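Here's the structure we're looking at; comments come further down.
Here is the naming used below: chain letters follow the sequence lines, and residue numbers restart at 1 for every chain. Model, not experiment: these values are computed from the prediction.
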Protein chains: 2
Amino acid sequence: MSQYLEKAGVESPGVGRMVDFPPRVTIIDEGEPARSIFRIVTGNVMISKLLPDGRRQIFEVLGPGSIFGVTPNGRHDSVAESLTDVRLTAFEKGLAERSSSFTSLVADRLKVQICALHGHAVLLGRKSAVERVASYILELIEAREDTALAPEGSVTVRVLMTRSEIADYLGLTLETVSRAFSQLKRDGVLAYERHDGLMRVSIRRLRPLTGTY
Amino acid sequence: MSQYLEKAGVESPGVGRMVDFPPRVTIIDEGEPARSIFRIVTGNVMISKLLPDGRRQIFEVLGPGSIFGVTPNGRHDSVAESLTDVRLTAFEKGLAERSSSFTSLVADRLKVQICALHGHAVLLGRKSAVERVASYILELIEAREDTALAPEGSVTVRVLMTRSEIADYLGLTLETVSRAFSQLKRDGVLAYERHDGLMRVSIRRLRPLTGTY
DNA sequence: CGAAGAATTGAGGTTAATCAACGAGGGTGG
DNA sequence: CCACCCTCGTTGATTAACCTCAATTCTTCG
């Protein structure tokens, strides 16, 4: 387990303890014995796997309410790392498994995750580079809290991941991701000047490019 | 729901009813309202999604003991079709959700599935064509019932899927899959003459080609 | 035996990866 | 405060992997 977990733990027995992490630190390492199940209170967490030669695949980017650290055997099969500042609730594994209300909460979340993984498999197996990036941006838009505004017009999103992280999420190289962004910009699908992650997106133009609709 | 389900149903109340399907028929269609949860007794089931333009991605091939037809909302998000002759147990959704023992069985299976989907995402996002096919064959070997024999030597496996189905599973074209098989054959990793799916595989030579170890 | 579906193989094209250079922004230390 | 460095992003040139199109063979089944 990480250093941060030990330091930041605030006991709150029976409910789970609060834990905080700074951006881009490892929360769970692959192969580690599974002691806790985590629930995201605020922030984002990336779940990934590393091949022995260094290739990485990120398969999920989780937000508030999501659960991670669940495994079939007693050992974590993937890496979890913070993308932003993160606040988590950590539940002791054995304890959590005996609570039926908790179990059904976990089961519900797993169903949502499986759904998302199915969609991501389609993206990885069957979509072109531009389709992948377009799908990614649409995902960002749909994940926003203020989901109300402008369902079909233009919206502003903040891209928190680096080009390299997006590449590892979409099964591309960072250069290809960058080129796809540039093309979408040229085509008037999205607009940005500074490299601060903020971009204005035309949903109407974006949606047809995702391959899904 | 499919025609077969209605015809073949054999009531066995409280436990779930038995249902049989011939090979390569649709068990669940995408978008269909979710009424039942299925458990495989014998045979194999493929879970896939179709893009509007016809591109298909198969993300799981399930065997005995596996569960499918579980969704977060009340609607199926993917297609389930039989690969072989299949015998299933169908559980009424509402009923199943009220049984806590059933819920925890489902949860356990979902965890295993998520694990498999993670591995498959790595394959789709980061592996070469030959690595994908090698991984696929290794998967077949590990899924066999008679898993005892020859842990490191040569084994015989039966490839049930067509090249086209394998391609849709591995995110490739059927030609690329065929070429990968041919290459593995040339390199002495596997051997076969007839196109009946039976092949002799050297696990020792196969494993290093999967990219995972 | 003929037809249809599946697998193989070849030739050529396209997409994305690789290799490489450069610019912008942010932080650190002199 | 400024120079430097480092990371991140962008873009160009080239290469490699995989896809597409096409022809041929194998297998099964009526």
Side-chain angles (χ1 to χ4, degrees), chain A residues 22-25 51 53-57 83-84 123-137 158-187 189-199 209 211, chain B residues 22-25 51 53-57 83-84 123-137 158-187 189-199 209 211:
Chain A
R24 289 181 172 86
V25 299
L51 288 177
D53 61 1
R55 285 176 283 180
R56 177 172 73 153
Q57 181 64 46
L83 173 58
T84 60
L123 180 147
L124 292 173
R126 291 297 177 211
K127 290 190 182 179
S128 73
V130 170
E131 285 175 334
R132 293 182 204 204
V133 172
S135 301
Y136 171 70
I137 298 169
R158 168 156 241 131
V159 179
L160 294 167
M161 292 160 78
T162 66
R163 295 288 182 265
S164 168
E165 287 164 344
I166 297 170
D168 284 347
Y169 182 51
L170 301 180
L172 300 167
T173 61
L174 68 96
E175 293 96 330
T176 301
V177 171
S178 184
R179 278 184 246 271
F181 270 109
S182 299
Q183 185 184 323
L184 291 173
K185 199 174 166 187
R186 268 197 309 278
D187 298 350
V189 179
L190 47 83
Y192 59 94
E193 281 93 51
R194 257 157 285 96
H195 299 162
D196 57 357
L198 276 179
M199 42 183 79
L209 300 177
Chain B
R24 290 185 172 84
V25 299
L51 288 178
D53 61 2
R55 286 176 282 180
R56 177 172 73 154
Q57 180 64 46
L83 173 59
T84 60
L123 179 148
L124 292 173
R126 290 299 178 210
K127 290 189 182 179
S128 72
V130 169
E131 285 174 334
R132 292 181 204 204
V133 171
S135 301
Y136 171 70
I137 298 169
R158 169 156 241 133
V159 178
L160 293 167
M161 292 160 77
T162 66
R163 295 289 183 264
S164 168
E165 287 164 344
I166 297 171
D168 285 346
Y169 182 51
L170 301 180
L172 300 168
T173 61
L174 69 95
E175 294 95 332
T176 301
V177 171
S178 183
R179 278 183 245 271
F181 270 109
S182 298
Q183 184 184 324
L184 291 173
K185 200 174 167 187
R186 270 197 307 280
D187 298 350
V189 179
L190 47 82
Y192 58 94
E193 282 94 50
R194 257 157 285 98
H195 299 163
D196 58 357
L198 276 180
M199 41 183 81
L209 301 178

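In this structure, B/K127 atom NZ and D/dA17 atom C1' are separated by 17 Å, rounded to whole Å. In this structure, B/R55 places its CZ atom 13 Å from P of D/dC19, rounding to the nearest Å. One can place CD of B/E165 at 14 Å from P of C/dG5, the figure rounded to the nearest angstrom. Between B/I166 atom CD1 and C/dA7 atom C1' there is a gap of 11 Å when expressed in whole angstrom units. As a whole-Å value, the separation of B/L190 CG from C/dT8 P is 10 Å. Taking atom CG of B/L83 as the reference point, atom P of C/dA6 lies 13 Å away to the nearest angstrom. The distance from atom CZ of A/R163 to atom P of C/dC22 is 22 Å, rounded to the nearest whole Å. Between the P atom of C/dT9 and the CD atom of B/Q183 lies a distance of 12 Å, rounded to the nearest Å.
Comparing A/T173 and B/R186 by the nucleotide of DNA chain C whose heavy atom lies nearest to each, the residue mapping closer to the 5' end is B/R186. Positionally, the nearest nucleotide of DNA chain C for A/R132 lies more toward the 5' end than for the other of A/R132 and A/H195. Toward the 5' end of DNA chain D, the nearer of the two residues B/D196 and B/S128, judged by each one's closest nucleotide, is B/S128.
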In sequence, state the C-alpha distance, the side-chain angles, and the governing distance for B/D168 and B/R55, and then conclude on salt bridge (charged side-chain N to carboxylate O under 4.0 Å, His left out). CA-CA 8 Å; B/D168 285 346; B/R55 286 176 282 180; over 6 Å; no
Please evaluate residues B/E165 and B/R56 with respect to the criterion salt bridge (charged side-chain N to carboxylate O under 4.0 Å, His left out), reporting the C-alpha separation (whole Å), side-chain torsions for both, the decisive distance (0.1 Å), and the verdict. CA-CA 9 Å; B/E165 287 164 344; B/R56 177 172 73 154; 5.0 Å; no
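Residues A/R132 and A/L123 approach most closely at NE-O, 3.5 Å, considering heavy atoms. Between A/Y169 and A/L124, the closest heavy-atom pair is O-CD2, 3.8 Å.
Listed pair B/T176 / D/dC19 meets the phosphate criterion, a side-chain N or O lying under 4.0 Å from OP1 or OP2. Within the 4.0 Å cut-off from OP1 or OP2 of C/dT8, not a single side-chain nitrogen or oxygen of B/R179 is found. Contact check, B/Y192 against C/dT8: a side-chain N or O comes under 4.0 Å of OP1 or OP2.
Put simply, the side chain of B/L170 does not reach to within 4.5 Å of the side chain of B/T176, judged on heavy atoms.
Nucleic acid contact for B/R194: sugar-phosphate only, since backbone atoms but no base atoms lie under 4.0 Å from a heavy atom of the residue. Residue contacts shown for B/L172 are limited to sugar-phosphate atoms, with no base heavy atom under 4.0 Å away. At the heavy-atom level, A/S178 lies under 4.0 Å from base atoms of the strands shown.
Listed candidates were C/dA7, C/dA17, D/dG9. Nearest to the side chain of A/T162 is D/dG9. Here the side chain of B/E175 is nearest to one of C/dT9, D/dT11, D/dG9, namely C/dT9.
No donor-acceptor contact under 3.5 Å links the side chain of B/E193 to the base of D/dC26.
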